[in-house]
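The block underneath contains the structure these notes are about, expressed in structure tokens.
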Amino acid sequence: MKILVTGCSGFIGFNLSKLLLEKKYTVIGIDNLNRYYDIDLKKNRLKILKKNKLFEFKKLDICDYKNLKLLFKKK
């Protein structure tokens with residue numbers, strides 16, 4: 001099963017993604033990596049998630065309907 005997690009580099013999204021990966025789910029994480037808070041913290045969280053082969057990251061804003069639609073077509 002593939003699960004989409006929005007805001008995967010934020011506090012909640014990161015921890016949810018980690019939990020799902022531990023349970024052996026495939027996680028597609030999206031995040032626009034905005035500067036709402038420390039961008040380096042977000043990038044470090046992504047490095048942790050990317051170590052798991054079941055994780056795939058897409059830099060994408062959920063308001064970007066065109067690219068979001070393309071993502072769903074591919075998956």
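Because only heavy atoms are used, hydrogens play no part in the values below, and waters and symmetry mates are left out as well, while side chains stay in.
Residues L49 and L54 share a hydrophobic cluster, clusters being chains of Ile/Leu/Val/Met/Phe/Trp/Tyr side chains in contact below 4.5 Å. Linking Ile, Leu, Val, Met, Phe, Trp and Tyr whenever their side-chain heavy atoms come within less than 4.5 Å leaves I30 and V5 in two separate clusters.
Listed by first and then second residue, the side chain to side chain donor-acceptor pair (under 3.5 Å) pairs that reach into residues 36-48 are N34-K42, Y37-R45, sequence neighbours excluded.
Open room surrounds CD1 on I12; 12 or fewer heavy atoms of other groups in view lie less than 6.0 Å from it.
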Do any side-chain atoms of residues 15-27 form donor-acceptor pairs under 3.5 angstrom with protein atoms, and if so which ones, sequence neighbours left out?
residue: N15; atom: ND2; partner: F11; partner atom: O; Å: 2.7
residue: S17; atom: OG; partner: G13; partner atom: O; Å: 2.8

Mind listing the side-chain donor-acceptor pairs of residues 59-70 below 3.5 Å, one per line with the distance, residues two or more places apart or on another chain?
residue: D61; atom: OD1; partner: C63; partner atom: N; Å: 2.8
residue: D61; atom: OD2; partner: N32; partner atom: ND2; Å: 3.3
residue: D64; atom: OD1; partner: N67; partner atom: N; Å: 3.3
residue: D64; atom: OD2; partner: N67; partner atom: ND2; Å: 2.8

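Pairing each heavy atom of L4 with each of F72, the nearest pair is CD2-CZ, 3.6 Å.
For the pair L33/F57, a side-chain contact is recorded, criterion being any heavy-atom separation below 4.5 Å from C-beta on.
In this structure, CD in E56 is found 11.0 Å from SG in C8, a value given to the nearest 0.5 Å.
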